[in-house]
Amino acid sequence: MKRILTFLFATMLFVSGCSSGTAEHALKSIDVQDKKNPPSSFIPKDVEIVSVGDSLTQGVGDSTNQGGYIPYLKKNLETLKEVRSANFQNYGVKGNRTDQLEKRLDQKEIKKAIKKADLVIITIGGNDVMQVFKDNFSSLQVSKFEQALVGYKKRLGEIIETIRENNPETGIVLVGIYNPFMKWFSDIKEVDEIIKEWNQASEQILAKYSKTKFIPIFDIFENQEEDLLYTDYFHPNDHGYKLMAKRIFSYLDNNKLAQFIE
């Protein structure tokens, strides 16, 4: 104990013997070296999330009418230490294609919400594919989908650009599309290939921009052993939406969310 006190006394004499400027500089140096960046969970954040797109965002097929995947994802996100609350604004509209979503992004309410958003989650593309089916039902060919894909990619890029113009810092997540005809036409492999091609194109478009993420869900609904579709055999049911939320969360968990909300 005597040795410790002697050391402390000697240290005090040394510091007092230094000029005030030298001592202050020494302390500042120690401060700089000792300071560490606090973890992202140090101060939990209220995360603002805007969901835009089609019926998968609106939540068609959700028996609770609470917005499909949204309530499940909200609950999951709020288990993270860095998230105090996850606040969603839902702008999903059943039947929306990329051209229709483009126009809706000019609405004042949606623009205002995006400007404040930490994250924008999009579901779009399924109705663009369906439009090709409807327009060419009597003479359906793979080439028709390839032609439609050109316009889809252009519009999807414009959607990302519009969101970026309103908020250069927000994270952008695009949820992929699945084959809604799996239950009835699982033997028609061409449909699977078309959906996969459109998903690959979507992923390539997002890869051109920072703070973006493509999240595939095709494989979730490929599972024929589980009943994941609503009674219309097209939209997800409650369990389907729950699995969607789980997949989205898996891409945002383990500090991946930080790249969007920091």
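Hydrogens, waters and symmetry mates are skipped; everything else that's a heavy atom, side chains included, is used.
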Next on the checklist: Apply side chain to side chain contact (heavy atoms under 4.5 Å, CB included) to residues R164 and I172 and explain how you reach the verdict.
Outcome noted: CA-CA 9 Å; R164 274 282 179 264; I172 301 175; 3.6 Å; yes
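- Using modelled atom types, one side-chain atom of K74 and one backbone atom of A86 make a donor-acceptor pair closer than 3.5 Å.
- Put simply, the side chain of R247 never gets that close to the backbone of I215: no donor and acceptor are under 3.5 Å apart.
- Looking at S51 and T57, their side chains never bring a donor and an acceptor atom within 3.5 Å of each other.
- A salt bridge does not link D54 with R97: none of the charged nitrogens is closer than 4.0 Å to a carboxylate oxygen.
- Counting only heavy atoms from C-beta outward, the side chains of V173 and I122 never approach each other to under 4.5 Å.
- With a 4.5 Å cut-off on side-chain heavy atoms, N199 and I177 count as touching.
- For F133, the ring pair (Phe, Tyr, Trp, His ring centres under 6.0 Å) partners are F145, F181, not counting sequence neighbours.
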Item to check | Verdict with reasoning, L73 to I49, per side chain to side chain contact (heavy atoms under 4.5 Å, CB included) | outcome: CA-CA 11 Å; L73 182 57; I49 303 172; 5.6 Å; no
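- For N127 (side chain) and M130 (main-chain N/O), no donor-acceptor pair under 3.5 Å exists by modelled atom type.
- Side-chain contact between N96 and I124 is present, with heavy atoms from C-beta onward closer than 4.5 Å.
- Side-chain contact between V50 and K116 is absent, with no heavy atoms from C-beta onward closer than 4.5 Å.
- Residues F221 and G240 approach most closely at CZ-O, 4.0 Å, considering heavy atoms.
- In this structure, N167 contributes its side chain and I114 its backbone to a donor-acceptor pair below 3.5 Å.
- Considering only heavy atoms from C-beta on, L77 comes within 4.5 Å of F249 through its side chain.
- The distance from atom NZ of K103 to atom CG of D106, rounded to the nearest 0.5 Å, is 10.5 Å.
- D135 and Q131 are linked by a side-chain donor-acceptor pair at a separation below 3.5 angstrom, with hydrogens and angles left out of the test.
- Of all non-hydrogen atoms in T98 and I159, the two that sit nearest each other are O-CD1, 3.7 Å.
- No single ILVMFWY cluster, assembled from side-chain heavy atoms under 4.5 Å apart, contains both L101 and V93.
- The line from NZ of K144 to CD of Q147 is 5.5 Å long, rounded to the nearest 0.5 Å.
- Linking ILVMFWY side-chain heavy atoms closer than 4.5 Å, directly or via other members, places Y72 and V60 in two distinct hydrophobic clusters.
- Between the CD atom of E190 and the CD atom of E197 there is a distance of 12.5 Å, given to the nearest 0.5 Å.
- Not counting sequence neighbours, the partners of Y152 by the ring pair (Phe, Tyr, Trp, His ring centres under 6.0 Å) test are W198.
- Residues Y230 and M244 are members of separate hydrophobic clusters, defined by side-chain heavy-atom contacts under 4.5 angstrom among Ile, Leu, Val, Met, Phe, Trp and Tyr.
- The closest donor-acceptor contact from the side chain of K211 to the backbone of E169 lies under 3.5 Å.
- Across all their heavy atoms, L56 and Y241 have their closest contact at O-CE2, 3.6 Å.
- The closest side-chain heavy-atom distance from T170 to I163 is below 4.5 Å.
- Residues L228 and P236 form no side-chain contact, since every pair of their non-hydrogen atoms from C-beta on lies 4.5 Å or further apart.
- Follow the hydrophobic side-chain contacts under 4.5 Å out from F218 and you reach I205 in the same cluster.
- A donor-acceptor contact under 3.5 angstrom links the side chains of Y209 and E161, judged on distance only.
- Checked against side chain to side chain donor-acceptor pair (under 3.5 Å), T64 has the following partners two or more places apart in sequence or in another chain: D62.
- Here K242 contributes atom NZ and N76 contributes atom CG; the two are 9.0 Å apart, rounded to the nearest 0.5 Å.
- Of the charged side-chain nitrogens involved, none lies within less than 4.0 Å of a carboxylate oxygen, so that R104 and D99 do not count as a salt-bridged pair.
- L252 has its side chain within reach of L119: a pair of non-hydrogen atoms, C-beta onward, lies under 4.5 Å apart.
- Listed for the Q58 side chain is a donor-acceptor partner under 3.5 Å among the backbone atoms of K94.
- A pairwise comparison of heavy atoms in S85 and D46 identifies OG-OD1, 2.7 Å as the closest pair.
- Rounding to the nearest 0.5 angstrom, the gap separating the CD atom in E48 from the NZ atom in K115 is 16.0 Å.
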Next on the checklist: The test is side chain to side chain contact (heavy atoms under 4.5 Å, CB included); show your working for K108 and K112 and say whether it passes.
Outcome noted: CA-CA 6 Å; K108 289 183 179 180; K112 183 179 179 180; over 6 Å; no
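- Taking CD of Q200 as the reference point, atom NZ of K196 lies at 8.5 Å (rounded to 0.5 Å).
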Checklist entry - Does the side chain to side chain contact (heavy atoms under 4.5 Å, CB included) test come out yes or no for L156 and S202, once each step is laid out? => result CA-CA 8 Å; L156 180 59; S202 297; 3.9 Å; yes
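- Nearest heavy-atom pair, A113 versus Y91, reported as atom, atom and distance to 0.1 Å: CB-OH, 3.7 Å.
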